[in-house]
Amino acid sequence: MKTIRLFMVAAIFAISFEAAAQSKAEYNIDDSKIALAGYSPVSYIDLDLAQRGDKDIKSEYKGVKYFFVDVDQKKKFDANPQKYLPQFGGYCATGIAVGAKFRTDPNKFLVRNGKLYMFLNSIEVDAKQLWVADEKTMSKKAKSNWPSLSKKM
């Protein structure tokens, strides 16, 4: 039953969305190479809030730019960037679980055990709710799919 449900979700995603061209396969970024649509990764993890960062307060990690609300957030990120990176390169976690990459909405996120998961926003599919409804299975499938998906555009 879970397998059927996952295939149904994948079909809905495939019909509803077209994967945008990515400048890097591993990160959900466009040609500007700005992560999280300019939202602060530190705000997500430390405050459980989606806050747009300031373009003048930024860091670059592995060729990707991250914006922050203030200098203190930048310092936290610079001291331990791995702590603040979104899972699955910032792609929709539910999409990764069903074998596809989708852009995300910076306001659709979940922080679990200090890890940031991003989700797409759609009238047709509540990707975050699908993830939460069967988090253990979705997480296992996403972790299994990510190594190969992270190499594909």
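Keep in mind that the numbers below use all heavy atoms, side chains included, and drop hydrogens, waters and symmetry copies. Just so we're clear, the structure is a prediction, and the values are computed from it rather than from any experiment.
Under the 4.5 Å side-chain criterion, counting only non-hydrogen atoms from C-beta, Gln51 is in contact with Gln73. Leu36 places a side-chain heavy atom less than 4.5 Å from the side chain of Pro41. Phe68 is listed as a side-chain neighbour of Phe77, based on a closest heavy-atom distance under 4.5 Å.
Note that CD1 of Ile45 is 10.5 Å distant from CG of Asn80, once rounded to the nearest 0.5 Å. Atom OG1 of Thr94 and atom CD of Gln129 lie 10.0 Å apart (nearest 0.5 Å). Rounding to the nearest 0.5 Å gives a distance of 11.5 Å between NZ of Lys65 and NZ of Lys55. Here the NZ-SG distance, from Lys128 to Cys92, works out to 11.5 Å after rounding to the nearest 0.5 Å. Rounding to the nearest 0.5 Å gives a distance of 12.5 Å between CD1 of Ile34 and CG of Asn28. Taking CG of Leu110 as the start and CD of Gln87 as the end, the distance is 11.0 Å to the nearest 0.5 Å.
Under the 3.5 Å distance criterion, with hydrogens and angles disregarded, a donor-acceptor pair is assigned to the side chains of Asp46 and Tyr84. For the 3.5 Å distance criterion, the side chains of Gln82 and Tyr61 qualify, holding a donor opposite an acceptor.
For the side chain to side chain contact (heavy atoms under 4.5 Å, CB included) test with Ser40, the passing option among Leu49, Ile57, Asp54, Val69 is Val69; the others fail.
For Phe67, there are no ring pair (Phe, Tyr, Trp, His ring centres under 6.0 Å) partners at least two apart in sequence or on another chain. Shown here are the ring pair (Phe, Tyr, Trp, His ring centres under 6.0 Å) partners of Tyr117, two or more places apart in sequence or in another chain: Trp131.
Note: Trp146 and Phe88 have perpendicular aromatic rings, judged against thresholds of 30 and 60 degrees for the angle between ring planes.
With Thr104 contributing its side chain and Phe119 its backbone, the two residues share no donor-acceptor pair below 3.5 Å. Side chain of Lys151 to backbone of Pro147: a donor-acceptor contact under 3.5 angstrom is found. Judged purely by atom type and a 3.5 angstrom limit, Ser139 has no side-chain atom pairing as donor or acceptor with the backbone of Lys136. In this structure, Asp105 contributes its side chain and Asn107 its backbone to a donor-acceptor pair below 3.5 Å. Without hydrogens or angle criteria, Lys101 side chain to Leu149 main chain gives a donor-acceptor distance under 3.5 Å.
In this structure, Pro81 and Ala79 approach most closely via the heavy-atom pair CD-C, 3.9 Å. Asn145 and Ala97 get closest at one heavy-atom pair: ND2-O, 3.0 Å. Here the closest heavy-atom approach between residue Pro106 and residue Ala37 is recorded as CG-CB, 4.0 Å. Shown here for Ser122 and Glu124, the closest heavy-atom pair between the two residues is OG-N, 3.0 Å. Among all heavy-atom pairs drawn from Met118 and Phe109, the shortest one is SD-CB, 3.8 Å. Considering all non-hydrogen atoms of both residues, Ile96 and Ala142 come closest at CG2-O, 3.5 Å.
Salt-bridge annotation for Lys74 and Asp70: absent, with no side-chain N of the basic residue lying under 4.0 Å from a carboxylate O of the acidic one. By the 4.0 Å N-to-carboxylate-O rule, Arg112 lies close enough to Glu135 to be salt-bridged with it. Asp126 and Lys108 are joined by a salt bridge, as a carboxylate oxygen and a charged side-chain nitrogen come within less than 4.0 angstrom of each other.
Residues Tyr66 and Leu47 are members of separate hydrophobic clusters, defined by side-chain heavy-atom contacts under 4.5 angstrom among Ile, Leu, Val, Met, Phe, Trp and Tyr.
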